[in-house]
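Reading through the structure tokens given below for one structure.
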Amino acid sequence: MQLSEQETIRRENLQKLRDLGIDPYPAEKFEITAYSREIKEEFSEEGEAPNFQQVSLAGRLMSTRVMGKASFAELQDSAGRIQIYVARDEICPGEDKELYNTVFKKLLDIGDFIGVKGFVFRTRMGEITVHVKELTVLSKSLRPLPIVKRDEEGNVYDAFTDPEQRYRQRYVDLVVNPHVRDIFLKRSRLISAMRRFFDGRGWLEVETPILQPIHGGAAARPFRTHHNTLDMPLYLRIANELYLKRLIVGGFEGVYEIGKMFRNEGMDRTHNPEFTSMEIYVAYKDYNWMMEMVEQCLEYVALEVTGTTQVEYEGKVIDYAGPYRRLTMFEAIEQYTGVDISGMDEAALRDACRKLHVEVDPTMGKGKLIDEIFGEKVEDHLIQPTYIIDYPIEMTPLAKKHRSREGLVERFELFVNGKEIANAYSELNDPIDQRQRFEDQLRLAERGDEEAMALDEDFLRSLEYGMPPTSGLGIGIDRLAMLLTNQHSIQEVLFFPQMRPKASLHERQQDKEQISE
RNA sequence: GAGCCCGUAGCUCAGUCGGCUAGAGCACUUGACUUUUAAUCAAGGGGUCCUGGGUUCGAGCCCCAGCGGGCUCACCA
């Protein structure tokens, strides 16, 4: 491998450290007693003895300003950055000035991990700073980091911004771009807040199979794989709905799972082949109850993640405090198109689509036509959290028939900023009805619908044993994370979004494999 | 899948109409400097111009093909 000049120098510095008897990768632990942020927030010169008189902290060296026998540098730990002051005669009190003159000034590079011990003070310029008395090399960095600089006004220079490099080398992105770190901290808080909310109500977090012999519970193309010992095909799950309902059959009152789903479909700003979903099922409830639960949950989560229920997204303020507006599918279409389609048959719907300039094709049935009108004319208007309820039965094979409205099911979707983020039903628990719905799907599959749902005989058997009335909900965690962090691409809320391998990298890996064989 | 745009030093970017040895800032190297903060000052080194063809006396620039990325649209929950 061809090393750049800077990489060569760092490897030479590594060897020189070893020649001086300094281990660049020491094994022993380093005791940390303080973090950059707490020092900056809590340091006080009040009283006789200021606090933080003896601190020990560790992190990456991110910049140095050497002025002869004294230097300032910045240390970045897990909480942020703090300035350190390194004076020659402080870290080298004796005759031997090598630790400062050679190790600190020459052999340390930006990106190296070091540990420092000393006391906190405030410089003439007013900067809270750690005055270093002891300095330890903790780990040498062999590649130059992109250096991002900020001036007094907060202007950023030479930011590491190329999306391709940021996603392929997320570790670098995280080191040099603090706002990226914040997004992922918020994502983590989102998931833990949601978990806390459910756990607080006594519902059980569970895990169900990711490798499934039948990919059920949603309409999507799956990833296919093969188990060698069983010599059988397996699919990566596109949903976990049917397994969670089996657990309701088994007697749990509330179960939820937060985990990855896999769909072998297109990728864009809002789709990654693997994504995180939260699904929850609660017995003896219906979709009306679920709408109230979602309002409470999202209000709580928004507060925990952002500190407010009014969260800015793309210049708009989205208010997650409930209750949310509720419109039936038919009401929503009437409101935004002026056309009442509630009594229409397929031919009349087709006519309505023509008048509304909604493109359709002959294979579309009644449910699909309604969905097209909705997608074209309504969705974009649903900025504030809005429930759309009562969907046509044709498109929803796992939801219970509406208690009073013919041809509809008890389903809602929650829209925020024109995008669906949650989907819920009063779950279908009539095993005979469920079998018929699966059979309808089979007929769609025979007509060439690649995404029609497969019939799951074991799931039907479980329903035949009896499932209590149950309401179920799915939330797209990545899309919710985008909304709560004001990000416009799913790649910005995934640590490692899927990327096409670079040819050069791929070849290099093949080379390595050949070498190791 | 279609259209548009992009790919030059470790990072961010210039590069004119195709014309000298491909530039800048930061980073790096050497030297000066004991409270600096985008530290400063002086000197210096660093390039597979994404890859492969082609046109041309001459290509970072023009043409063709490919690879990778971004945006928009389509498809898809």
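Here is how names work: the chains are called A, B, and so on, in the same order as the sequence lines, proteins then strands, and each is numbered from 1.
- For A:Glu376 and B:rC73, the CD to P distance is 12 Å, given to the nearest whole Å.
- Between A:Leu142 atom CG and B:rG10 atom P there is a gap of 16 Å when expressed in whole angstrom units.
- Of the P atoms belonging to B:rA27 and B:rC11, the separation is 15 Å, rounded to the nearest Å.
- The shortest distance between the side-chain N/O atoms of A:Arg269 and the OP1/OP2 oxygens of B:rU72 is below 4.0 Å.
- Of the candidate nucleotides B:rU35, B:rC76, B:rA77, B:rU35 has the atom nearest to the side chain of A:Met67.
- Rounded to a whole Å, the OH atom of A:Tyr167 is 18 Å from the P atom of B:rG7.
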*Evaluate the salt bridge (Lys or Arg N to Asp or Glu O under 4.0 Å) criterion for residues A:Asp440 and A:Arg443: first the C-alpha distance (whole Å), next the side-chain angles of each, then the deciding distance (0.1 Å), finally the verdict.*
CA-CA 5 Å; A:Asp440 292 343; A:Arg443 274 188 287 279; 2.6 Å; yes

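- Base pairing analysis places B:rG60 opposite nothing; no Watson-Crick or G-U wobble pair with both distances below 3.5 Å involves it.
- Checked for salt-bridge contact, A:Arg11 and A:Glu7 miss the test: no charged N lies under 4.0 Å from a carboxylate O.
- Closest to the A:Ala87 side chain, of the nucleotides B:rU35, B:rU34, B:rU37, is B:rU34.
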*asked:* Output one letter per nucleotide in nucleotides 21-31 of chain B: B when a protein non-hydrogen atom lies under 4.0 Å from the base, S when only the sugar-phosphate is that close, - when neither is.
replied: ----BSBSS-S

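- Pairing for B:rU16 is absent, judged as Watson-Crick or G-U wobble with the two contacts each under 3.5 Å.
- A:Lys316 has no carboxylate O lying under 4.0 Å from a charged side-chain N of A:Glu312, or vice versa, which leaves the two without a salt bridge.
- Where A:Val148 and A:His131 meet RNA chain B, the nucleotide closest to each residue was compared, and A:Val148 sits on the side nearer the 5' end.
- Of the residues near RNA chain B, A:Thr129 and A:Val66, the one whose nearest nucleotide (by heavy atom distance) lies more toward the 5' end is A:Thr129.
- Using a 4.0 Å heavy-atom cutoff across all strands shown, A:Arg150 reaches sugar-phosphate atoms only and no base atom.
- With a cut-off of 3.5 Å on both Watson-Crick or G-U wobble distances, the partner of B:rC11 is given as B:rG25.
- Using Watson-Crick or G-U wobble geometry with both donor-acceptor distances under 3.5 Å, B:rA65 finds its partner in B:rU51.
- Out of B:rU36, B:rC11, B:rU34, the shortest distance to the side chain of A:Pro146 is found at B:rC11.
- For A:Arg168, a side-chain nitrogen or oxygen approaches OP1 or OP2 of B:rG69 to under 4.0 Å.
- To the nearest whole angstrom, the two C1' atoms, one in B:rC13 and one in B:rA9, are 11 Å apart.
- Between the NE2 atom of A:His488 and the C1' atom of B:rU72 there is a distance of 16 Å, given to the nearest Å.
- Contact check on A:Lys140 versus A:Asp109 returns a salt bridge, with a Lys/Arg side-chain nitrogen under 4.0 Å from an Asp/Glu carboxylate oxygen.
- Checked for salt-bridge contact, A:Arg10 and A:Glu12 miss the test: no charged N lies under 4.0 Å from a carboxylate O.
- Where stacking is scored as ring centres under 5.5 Å apart with planes under 30°, A:Tyr157 registers as stacked on the base of B:rA38.
- A cation-pi arrangement is present between A:Arg411 and A:Tyr391 under the rule of less than 6.0 angstrom and at most 45 degrees off the ring axis.
- If you check every strand for non-hydrogen atoms under 4.0 Å, A:Ala218 touches nothing.
- What separates CG of A:Leu3 from C1' of B:rA9 is a distance of 15 Å, to the nearest Å.
- Of all nucleotides present, none satisfies the Watson-Crick or G-U wobble test against B:rU34 with each distance under 3.5 Å.
- The nearest whole Å value for the distance from the CZ atom in A:Arg263 to the P atom in B:rC75 is 18 Å.
- The side chain of A:Gln491 places an N or O atom within less than 4.0 Å of a non-bridging phosphate oxygen (OP1 or OP2) of B:rG70.
- Residue contacts shown for A:Glu127 include a base, since a base heavy atom lies under 4.0 Å away.
- For A:Glu413, the side-chain atoms get nearest to B:rA77 when compared with the rest of B:rA77, B:rG70, B:rC75.
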*Could you go step by step and tell me if A:Glu127 and A:Arg122 meet the salt bridge (Lys or Arg N to Asp or Glu O under 4.0 Å) rule?*
CA-CA 5 Å; A:Glu127 184 85 14; A:Arg122 194 183 294 270; over 6 Å; no

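- Backbone-only contact: A:Thr161 has heavy atoms under 4.0 Å from sugar-phosphate atoms and none from a base.
- The C1' atoms of B:rA38 and B:rG15 are separated by 26 Å, rounded to the nearest whole Å.
- The side chain of A:Gln83 contributes no N or O atom lying less than 4.0 Å from OP1 or OP2 of B:rU36.
- In this structure, CD of A:Glu164 is placed 16 Å from C1' of B:rU12, rounded to the nearest angstrom.
- Distance OG1/A:Thr276 to CZ/A:Arg479: 12.5 Å, rounded to 0.5 Å.
- A:Asp89 comes within 4.0 angstrom of a nucleotide base, judged by non-hydrogen atoms across all strands.
- Listed by first then second residue, pairs satisfying salt bridge (Lys or Arg N to Asp or Glu O under 4.0 Å) with a partner in residues 362-374 of chain A read A:Lys368-A:Glu372, not counting sequence neighbours.
- Rounded to an integer number of Å, the gap from CZ of A:Arg500 to C1' of B:rG70 is 14 Å.
- Classification of A:Glu492 and A:Arg166 as a salt-bridged pair holds, one side-chain N sitting under 4.0 Å from a carboxylate O.
- Spacing of P atoms, B:rC75 relative to B:rA2, comes out at 15 Å, to the nearest Å.
- Comparing B:rG69 with B:rA42, their P atoms are spaced 44 Å from each other, to the whole Å.
- Rounded to the nearest Å, the gap between the C1' atom of B:rG68 and that of B:rC57 is 34 Å.
- Listed pair A:Arg65 / B:rU37 fails the phosphate criterion, with no side-chain N or O lying under 4.0 Å from OP1 or OP2.
- For CZ of A:Arg65, the number of neighbouring non-hydrogen atoms (other residues, nucleotides, ligands) closer than 6.0 Å is greater than 12.
- One P atom belongs to B:rG7, the other to B:rC63, and the distance between them is 14 Å to the nearest Å.
- Pair assignment for B:rG1 gives B:rC73, based on Watson-Crick or G-U wobble hydrogen-bonding distances that are each under 3.5 Å.
- Between B:rU48 and B:rG44, the two C1' atoms lie 25 Å apart (nearest whole Å).
- Ranking B:rC11, B:rU36, B:rA77 by closeness to the A:Asn423 side chain, first place goes to B:rA77.
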